[in-house]
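Heavy atoms only: backbone and side chains are in, while hydrogens, waters and symmetry mates are out. To find a chain, count down the sequence lines: A is the first, B the second, and so on, and within it residues start at 1.
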Amino acid sequence: MPITIIAPKPAQQRYAAPQDSPDASDSEEGDDLSEGGADLEGDISMGHRPAKKARTDGKYEIVTPGEVITDDPQWMRGHGTYVSPAATSIISSVAGTVTRTNKLLSVRPLRARYTPEVGDLVVGRIVEVQAKRWRVDVGSTQLASLPLSAINLPGGILRRRTDTDELQIRTFFAEGDLLVAEVQQLYQDGGAVLHTRSLKYGKLRNGIFVAVSGMGGGGGVVRSRRQVWTLDAANGGGQIDIVLGVNGYVWISKHVEPVLAEDQKTTPTTAGPITNAPTTTGITNLEESVSATMYSSQNDRIEVETMREIARLRGVITALVENGLRVDEDMVMKGYHEAVEMALTYGEGGQDDVYLGGERGEQLAAVLRGR
Amino acid sequence: MSSQHVLLSPAELSYLHASLSLQPLPLRPDGRSPTQFRPLVAETGILPGTNGSARICFADGTEAIVGVKAEVERTVQPFTQDTQTTQDEGETPAEDERRKEEVGGSDWVEMTVEIPGYRDDDPTTVFLGQMLQEALLADGEFTKRLRINGRFHWKIYLDILLISPPLSYPLPLLSLTTHLALLSARLPRLKSEGDEDPLFDDDWAASTYVYPRDNNKKDGKDGNNKVVARPPVTLLVMAVGNNIIFDPAREELAVADVALAVSVGEETTTTTTQTGGDDDVDMEEGSTPGKRRLRLLSVRTIDPPSRLTPPGVPNATNTAYTAPTGTAEAKTQDGARTLETERVEGVWKAPRGGAKVMVMAALVAKVLEKGGVADEVLDGLEAVDLG
Amino acid sequence: MTDRRRINGPVGATFPPVFVYEGEDAVKETKKTRSRPPNAIRKMYLKTGVTPSASGSAYLEIETSAKGSGSGLKLSCTVHGPRSLPRSTPFSPHIILSTHVKYAPFATRQRRGYLRDSTERDLGTHLETALRGAIIADRWPKSGVDIIISIIEGDQDRESSKAEGDESWDMMNALSGCITVASAALADAGIDCVDTVAGGVAALVRNAADDSVSNIVIDPVPSEHEKILAACCIAYLPTRDEVTNLWFKGDLGASDMELYTSLVEKGIQASKYANRVLVECLGETVG
């Protein structure tokens, strides 16, 4: 059947589901408390949080703009609030949930664009090339900028930046290119400055892009311990890398063993499983190899099995978002294993067993909520 | 630009192209089978202020609403030497006269497409509107239904509204929504007779469908009466390598070798008498129910955005690939030249030139094949509850 | 009696009188029939370099078959560019093509306004699709080219009042002319093309004489036929054997796929004929 037409559902349905599973809400709470950062755009897990939390322990409450949160002068106002000049009461300026961090009172909006923070791992797309910097779309209110001075130039990490580099700026990144980078610095107006001065970062290839944010229902990437990891795919798919940009942009690609330069191997890297992977040695002229993968736009050979599993992972992430579940390593891995199991029931070797849209996505989400 | 500009990196394009041109079956990024459409939510009759309306919504939040409004308009009489001034009803008119009466004017239908973020005179919008209108008017059957009598006719306004900027080429969405809206469209029952000024029944319950239904045949569990004629549907189909793919998403269209919009109509199967009265034509004798007789109404080439995509640079010519600055100069010049050479595996290169005739013919044939996609799409649309 | 300032016309519409001349036979004769064989296109005249101020230009005239009026389709095309884009436009690795097709206000029976209407914009989009496949866009990064076509005279029969509803078919003829003339002007402007693209039209027609039989003709003139069942306009690259734009319109049963295929083939044939004229014309310019 090439076309599925579903009858419209009553709007209530989305809210009904989490109430059946108090366990899931508990684990979410744990996550929320530990991460402590500002939340991401379109995080739908918050969408059904207020009703549920208000019911369970009353700790979280939902406020609307103009609503007085507290009259108590002991609190300090944070994001999403304002103080009227006459009184001391703190008033909400967005619709969202109240969070209290020590004496700081802030309101997290239910849905908002990504607000960058220093140290965030983001996936971005180059939209403009300027004389000495790139402008990168990271799904934020403003374009982030990536200065030419913040990238590793080919031919050694410590090479000096020259005029030739400035003239050939498009050979590093051109319009449309996707890259993974880290937020290095924030301007006063909320604009971010990125850098790619690590082997973990650079141009993305061998895979597929999903923008989780701002597309319909909500749901999205939440900050978690690991934003980047490698998994062993089922069905002979080999190893697959997943980059969950904190900004909601996701990259799923075939894992290619990174080739480390001599001086890099001894440097301990804190996070990032890519660097945990065994390094290949014995290649001469290692510095050049590093830059090779950094700015190449040529894909390696990718096996069909790998492509299938990449498509399946993409389906899992889309299904999570469409059904209002958060996207992090835990959920993606659970969802992926579930999807592989489910695929077995769709018949042997059926080509469409990768498909996870519509009812299948809901089925998958239902299973995940039930856990 | 006839289709929207997409910004994708050469590596992404190369990956998409590779996975979509896999043999024997393409691997689509969302795992759909080549002929599978994105799941959609559809309902009709959502706007009580219209003669007919429908709404279709994709899982990604793209949503289209179509409203049909009808107005009574005086028919402009084209003056020809043989125009009869008699007021006769056309029971036994001259053959020539009869032909003239049956044909409605193409300006009896006005279709507007509104896409947020696009000007309404934007080529994309105009192109979409023209395409849908062309399909609707192609067989001349639709305008015949709008005739009230010799002096008056219905003027149908079809307003197609996209709620948010489209995330993919919106043609299939708009076409399917228009289809449902027209199916649900009703016109007041005519009370007057002959060529006098038309007078209509106030009772909306007595109104008749623009696309009449056969009261004898019940359709499935909903108890809907079977629709005997249907508006056309326009399907978007594209080819990558040797694969034919239906309902492409934005990123799939970005690597298309060729994309076609194919409008398909259904032959009227049963004879009906319309409220308008005298002007309905008998098509050929009713075929066996359930088996559609499709008609090809229009084919248009969609300019695939793939031609405007940035090319990838093969590692062999990439100046950023091997470092030594001394050789960089020589490489750039090399690079300019190698742009003209043949494809390197894993490097994206925008297609150039047109499409082979055979490929285009295969696309159209695939749409129209018996029990094929067009058939099943019409089946699927039939199942929608036309409340 | 709300509007007293104007003298309102009578309520019922009236028609200006039309006098029948030379008896009944003359009336019948206004319906022309096709005198050319079904696989021949009308004569056309093509010349490049007619507008010195433009980078490239071409003029196309197609002979009419209408009696007395002596003129057919007349198209003038100018190409401006490649030229650099304004600073505000984003970087483009390819040449940016923009096409404008405009009927002169006096080109058709019904006067056209100065603003482009939807059919003209539609023609522009078709033309853009047809040309985009032909030009080598990555030879000219960061530049744009404007292709402007004026339809000075549309091919419409002024005498016959029976031509109602033919306008939609006339559009196909106009498009095929636009493609050919734009291709000539692009070549004149020295913009790299993979091949010379030319337009051709074929139609499935039913003639008055034999009502049941329908046959395929190339380069149809709508007023010459009783009814056009379907038509297709094709932009074709002869040396690459590729189609850059295909536009089919009409009503064909799904079982008649052979008809569709042969219609397309005939369209290609028409395009090949037009291409012959195009190549010869370009040869003359160079020589």
For this session: Using a cut-off of 6.0 Å, state whether more than 12 heavy atoms not belonging to Lys356(B) lie near its atom NZ.
Result: yes
Exercise. What are the two closest heavy atoms between Leu235(B) and Val373(B), and how far apart are they?
Worked result: CD1-CG1, 4.4 Å
Exercise. For chain C, which of Val264(B), Leu368(B), Val126(B), Leu297(B) has the most heavy-atom pairs under 4.5 Å?
Worked result: Leu297(B)
Problem set entry | Residue selection (most heavy-atom pairs with chain B, distance under 4.5 Å) from Leu246(C), Thr244(C), Val194(C) | Leu246(C)
Problem set entry | Any donor-acceptor N/O pair, Ser306(B) side chain to Ala256(B) backbone, under 3.5 Å | yes
Problem set entry | Test item: Glu73(B) side-chain N/O and Trp108(B) main-chain N/O as donor-acceptor pair under 3.5 Å | no
Problem set entry | Partner chain C: residue of Val258(B), Val357(B), Leu137(B), Asp107(B) with the largest heavy-atom pair count (under 4.5 Å) | Val357(B)
Exercise. Under a 4.0 Å N-O cut-off, is there an ion pair linking Asp122(C) with Arg300(B)?
Worked result: yes
Problem set entry | Among the listed options Ala135(B), Ala261(B), Ala355(B), the residue most often paired with chain C at heavy-atom distances under 4.5 Å | Ala355(B)
For this session: Kindly give the heavy-atom pair with the smallest separation between Leu260(B) and Met360(B), and that separation in Å.
Result: CD1-O, 3.9 Å
Exercise. Looking only at heavy atoms, which two atoms of Thr309(B) and His94(C) are closest? And how far apart?
Worked result: O-NE2, 2.8 Å
Exercise. For Ser118(C), is it the side chain, the backbone, both, or neither that has a heavy atom closer than 4.5 Å to a heavy atom of chain B?
Worked result: both
Exercise. Which answer fits Leu252(C), side chain, backbone, both or neither, if we ask what part of it has an atom under 4.5 Å from a heavy atom of chain B?
Worked result: both
For this session: Using the six-membered ring wherever Trp is involved, compare the ring planes of Phe127(B) and His126(C) and label them parallel, tilted or perpendicular (cut-offs 30° and 60°).
Result: perpendicular
Exercise. Is chain B contacted by the side chain of Val243(C), its backbone, both, or neither, given a heavy-atom distance below 4.5 Å?
Worked result: both
Exercise. Picking from Cys193(C), Pro93(C), Cys233(C), Gly253(C), which has the most non-hydrogen pairs under 4.5 angstrom with chain B?
Worked result: Gly253(C)
Exercise. For Ile268(C), is it the side chain, the backbone, both or neither that has a heavy atom under 4.5 Å from a heavy atom of chain B?
Worked result: side chain
Seminar exercise, completed: Looking only at Ala138(B), Gly265(B), Gly129(B), most heavy-atom pairs under 4.5 Å shared with chain C are made by Ala138(B)
Seminar exercise, completed: Most contact-rich option vs chain C, by heavy-atom pairs under 4.5 angstrom, among Ala374(B), Ala361(B), Gly353(B), Ser263(B), is Gly353(B)
